Structures are given as C-alpha cells and as structure tokens.
Amino acid sequence: MHFLIISHALHKTTQNELYSYAPYVREMNLWLKYVDTVTVVAPVTKEALTAIDLSYKHNNLNLKRIPRLNFTNVSHGFKSVFKLPYILIVLFKACLQADHIHLRCPGNIGLLGCLVQVFFPNKIKTAKYAGNWDPKASQPLSYRIQKRILSNTFWTKNMTVLVYGAWKNQTKNIQSFFTATFKDSEKENVPERNYKNTLHFIFVGSLVKGKRPLLAIQILEDLYKQHYNVTLNLYGDGVLSTGLKRYVTKHNLEHIITFHGNQKKEVIERAIKSSHFSILPSQSEGWPKAIAEAMFFGCIPIVTKISCVPYMLDYGNRGILIEPDVHQAVSEIKTVLNNESHLKQMSNSALKWSQTFTLDAFETEISKLLKSS
C-alpha cells in the first residue's frame, strides 16, 4: 500500500531522517507499521532539532516539500496566495500516486487537501481532525470549511473522519476517536498522593495565547495569596515565554513558579508523577494529550469547558472544570481542595479512565482502519 500523508506540521531533515512534532510523529509511526510505501507532503524548515522533535520510522519514506503558508498579515498572505497553485499541483500528483490518502486537519494545508481529495472519490481516505469538532464552537472560517467538506458525503467519498468526542447528528463517515502516549506496559499503580502538604501544579503546553499560560499563573498566584501552599511548574516554550517570566519576576512569584522549557517525554512523565494537578485553561483543544497523559498517572486535570474535555473529565467526576476567569476558576478549585477523600477518588477515576486509551489500543484501531482499505 502506498500511503500518503498531507500535513501542515513543520518538518525537519537531518542525516537522511525526517523529523516533526513528536506527539504527531509518534502517532503516525503506528500507522506506518501497516503500509509499504509512505509519501509525506508537508512544509520543511531549516530550524534545528529540539527536544520535542521525533523521527519517522519507515524504510521506504519519501518527502514532497511544499512551501509554508502564512496568512497572519497582509504581506505574508499576499505571498502565500502565489504559492497555492504550486502546492495544489503537488497535492494532486501525490494523491494520483497514492492508494490511501491521509489528511491531517485542521490547518491551511489540510484545507487544500480537503479540496483536492474531492477529485479522487474512489481512493480510500482517512482524515484526523485534531481540533475541536464541537458543531457549536466558534472557529476560524478555514476550520469551518474543512469540517463542512469532511462531513459532506457527497463531496467526500470513501473517507473515515476521526474526531475527538461524541457529537449528535453526525454523518456516517464521522467516527469518534482518541489519541494516546503510553503503552499498556507503562501502566502503573501510582502511590496515593498526599493532599495535606504542598500542592504541586503542572502546566504542559506551548506558551502561546491559545493555551492561556498567564491565566494558569494568575490562578496559582491567587491561590497562594489566599494562603494555599502551592507550586506551579511550566513545561513548554513559545512567544509568550519572555513576558510570562517578566510577570513572575514583577509579582515576586519565583519561589512558587518555575519555567522548564521544552522537555522530553521521560522528563514530563516524572514531573506528572510528582504533581497533584495538571492545569490547562485553553481557549480551544481537540483531545488535549497533556491532560490525558496527566490522568494516566492519577494527576487531577483542571481544564476549561471546551471541545470534548467535559466528556474526558466525566463532567467533573474525573477532574475540575473551570471558567476562563481567575476568580471563578479559583472558587471552583477551592471547592474540592479541602476534601481529600474526594480528591483521591477523582485521581483514581482519572487514572482508570485514561489507562484504557493506550498506544496498544490505539494501534489496534488504526490497523482495523487500514486493513479495511
């Protein structure tokens, strides 16, 4: 089988190996176990490898480079428009040669892939929509267009669309799915946490506006001011890093808030195991892996009510659902902090639920999709 991946993720090449964002590549490597030939159509950057990059594992992998699209301002948008014909031609040729077309959405390249796949109604196709599939969510126009095309069985034929969460009134090609980080062999009987002493919070994610890291910091700051013994460790990097560090220094929070930057999976895992809570007050998510990973080791999630997150947290039984407001969030967190038995029950429920979604289970489901094609 010739398997085609159309992705907006930035890729890097070094020593004849192809790298990209580790969680995405780790997942794709499971798909690639069941195919003979792989073609990746994606933008490539010359940036150096980082701790969150991982290489594809396949003996017959080909890369089709395309330019990166950027519509963040008029100048970049104008240049990107002129790149579209070339990208569309590359996508069309790649689809022509493929046996199975796999789209990674949402994203600018994913949108173009959605358009091109219409001309290949007889090809077997899958799409992984890694964003928020909630039909009621307020989203950019390009995201809404992708969702419309993918769920329209007249324009999109022979495709299974994998989405996070279970939503009503979906077309027959929409399939609820999940993602995973850990194997069955990595399950542990995590020691019961002590919630009477210092409470350790962890934030895992990019330091960008959409993840609201400042809100996480301000929530911990407010808890500290109300005499709760708390700490916050942030793992990740991004454009807000300098400003966030400046805020922490200005408000004399260095003794309770620490920045660790991007770290490898093993470092994050150790940090999760030594933390009581994982906080991620995002604006938008698909299936937040950082939260699922925390739950896997009994770390209680604290998350905003977005996408399929309420479902993941069993509407508050497996974690704490908060509003994106400091005072409301602190109030919601405080309601459970003083109930140790409830916290232990919540931690155990989170662990049991998350440990059903392992890489082994994920690979089994992927193999079913590919064997049916």
Side-chain angles (χ1 to χ4, degrees), residues 22-23 26-27 51-52 164 178-205 216 219-220 223 228-236 256-258 260 262-282 285 287-304 308-322 332-364:
R26 190 175 293 116
E27 174 187 324
I52 58 172
Y164 296 137
F178 62 98
T179 192
T181 302
F182 303 106
K183 299 178 180 178
D184 281 333
S185 60
E186 294 178 278
K187 292 180 181 179
E188 294 183 11
N189 291 319
V190 181
E192 200 171 70
R193 289 168 170 83
N194 183 341
Y195 296 93
K196 293 179 180 178
N197 299 320
T198 302
L199 298 174
H200 299 289
F201 290 68
I202 186 173
F203 174 100
V204 180
I219 289 171
L220 267 291
L223 285 169
Y228 282 91
N229 193 2
V230 295
T231 69
L232 173 63
N233 289 280
L234 294 99
Y235 290 84
I256 66 165
I257 296 176
T258 306
H260 298 271
N262 291 328
Q263 298 291 339
K264 291 184 179 296
K265 173 190 170 185
E266 294 77 16
V267 176
I268 302 295
E269 183 179 330
R270 288 195 297 271
I272 289 171
K273 291 177 182 178
S274 61
S275 300
H276 298 86
F277 302 95
S278 178
I279 184 166
L280 189 68
S282 297
E285 288 286 350
W287 177 286
K289 291 187 72 173
I291 293 303
E293 289 166 8
M295 295 169 75
F296 193 90
F297 296 107
C299 184
I300 297 172
I302 301 175
V303 203
T304 37
C308 65
V309 170
Y311 156 77
M312 292 175 70
L313 271 59
D314 192 26
Y315 306 94
N317 292 318
R318 292 191 285 256
I320 304 170
L321 292 165
I322 62 172
E332 288 156 353
I333 293 169
K334 285 171 58 180
T335 58
V336 296
L337 283 187
N338 298 322
N339 188 338
E340 187 174 12
S341 62
H342 182 50
L343 289 170
K344 290 179 178 179
Q345 181 182 359
M346 194 178 286
S347 170
N348 190 50
S349 296
L351 179 148
K352 286 183 177 179
W353 178 84
S354 186
Q355 288 192 358
T356 63
F357 299 104
T358 62
L359 285 170
D360 305 81
F362 187 78
E363 184 175 347
T364 298

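Here the structure is a predicted model, which means the values were calculated and not measured. In this chain, residues are counted from 1 in sequence order.
- Screening residues 351-362 for side chain to side chain donor-acceptor pair (under 3.5 Å), with sequence neighbours left out, gives Asp184-Thr358.
- Under the side-chain hydrogen bond (donor to acceptor under 3.5 Å, both in side chains) criterion, Glu266 pairs with no residue, sequence neighbours left out.
- Under the side chain to side chain contact (heavy atoms under 4.5 Å, CB included) rule, His200 has a single partner from Val230, Asn229, Thr231, which is Thr231.
- Taking the six-membered ring where the residue is Trp, the centroids of Tyr195 and His276 are separated by under 6.0 Å.
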Query - Thr179 vs Tyr164, side chain to side chain contact (heavy atoms under 4.5 Å, CB included): CA-CA, chis, key distance, verdict - result: CA-CA 9 Å; Thr179 192; Tyr164 296 137; 3.7 Å; yes
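- Between atom CZ of residue Phe277 and atom CE of residue Met346 there is a gap of 8.5 Å, rounded to the nearest 0.5 Å.
- Thr181 OG1 to Phe296 CZ: the interatomic distance, rounded to the nearest 0.5 Å, is 9.0 Å.
- The two atoms that bring Leu343 and Val336 nearest to each other are CG-O, 3.4 Å, heavy atoms only.
- Between Gly298 and Ser347, the shortest heavy-atom distance links the atoms O-OG, 2.5 Å.
- With rounding to the nearest 0.5 Å, the separation of CG in Asn338 from NZ in Lys334 is 8.5 Å.
- Atom CG in Leu313 sits 10.0 Å away from atom SG in Cys308 (nearest 0.5 Å).
- One distance of note links CG of Leu232 with CZ of Phe203; it measures 8.5 Å at 0.5 Å rounding.
- The two residues Ala294 and Ser278 make their nearest non-hydrogen contact at CB-CB, 3.5 Å.
- With sequence neighbours excluded, no residue forms a side-chain hydrogen bond (donor to acceptor under 3.5 Å, both in side chains) with His342.
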Report task. Kindly determine whether Phe201 and Leu223 satisfy side chain to side chain contact (heavy atoms under 4.5 Å, CB included), including the steps that lead there. Result -> CA-CA 11 Å; Phe201 290 68; Leu223 285 169; 4.0 Å; yes
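- Take Glu332 and apply the salt bridge (charged side-chain N to carboxylate O under 4.0 Å, His left out) test, not counting sequence neighbours, and it matches no residue.
- Looking at heavy atoms from C-beta onward, Ile333 lies in side-chain contact with Ile219 at the 4.5 angstrom threshold.
- Here Lys265 pairs with Glu186 in a salt bridge; the nearest charged N to carboxylate O distance falls below 4.0 Å.
- Qualifying side chain to side chain contact (heavy atoms under 4.5 Å, CB included) partners for Val190, counting only residues two or more places apart in sequence or in other chains: Glu188, Arg193, Phe297, Leu351.
- Ile272 CD1 to Ile202 CD1: the interatomic distance, rounded to the nearest 0.5 Å, is 5.5 Å.
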Query raised in the report: Are His260 and Asn233 close enough, and set up right, to give a side chain to side chain donor-acceptor pair (under 3.5 Å), and what steps lead you there?
Result: CA-CA 7 Å; His260 298 271; Asn233 289 280; 2.7 Å; yes
Requested in this report: Go through Ile302 and Leu280 one step at a time and tell me if the side chain to side chain contact (heavy atoms under 4.5 Å, CB included) criterion holds.
Outcome: CA-CA 6 Å; Ile302 301 175; Leu280 189 68; over 6 Å; no
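- Residues Asn262 and Gly236 approach most closely at OD1-CA, 3.4 Å, considering heavy atoms.
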Requested in this report: Might you work through the side chain to side chain contact (heavy atoms under 4.5 Å, CB included) test for Thr304 and Val309, ending with a clear yes or no?
Outcome: CA-CA 8 Å; Thr304 37; Val309 170; over 6 Å; no
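- Between Ser349 and Arg318, the shortest heavy-atom distance links the atoms O-CD, 3.5 Å.
- Proximity of a side-chain donor or acceptor of Asn348 to a complementary backbone N or O of Gln345 within less than 3.5 Å is not detected.
- Residues Phe182 and Lys187 form no side-chain contact, since every pair of their non-hydrogen atoms from C-beta on lies 4.5 Å or further apart.
- For the side chain to side chain contact (heavy atoms under 4.5 Å, CB included) test, residues two or more places apart in sequence or in another chain that qualify with Tyr315 are Pro310, Tyr311.
- In summary, the aromatic rings of Phe362 and Phe178 are positioned with their centroids under 6.0 Å apart.
- With hydrogens and angles ignored, the 3.5 Å screen pairs a side-chain donor or acceptor of Asn194 with a backbone N or O of Lys196.
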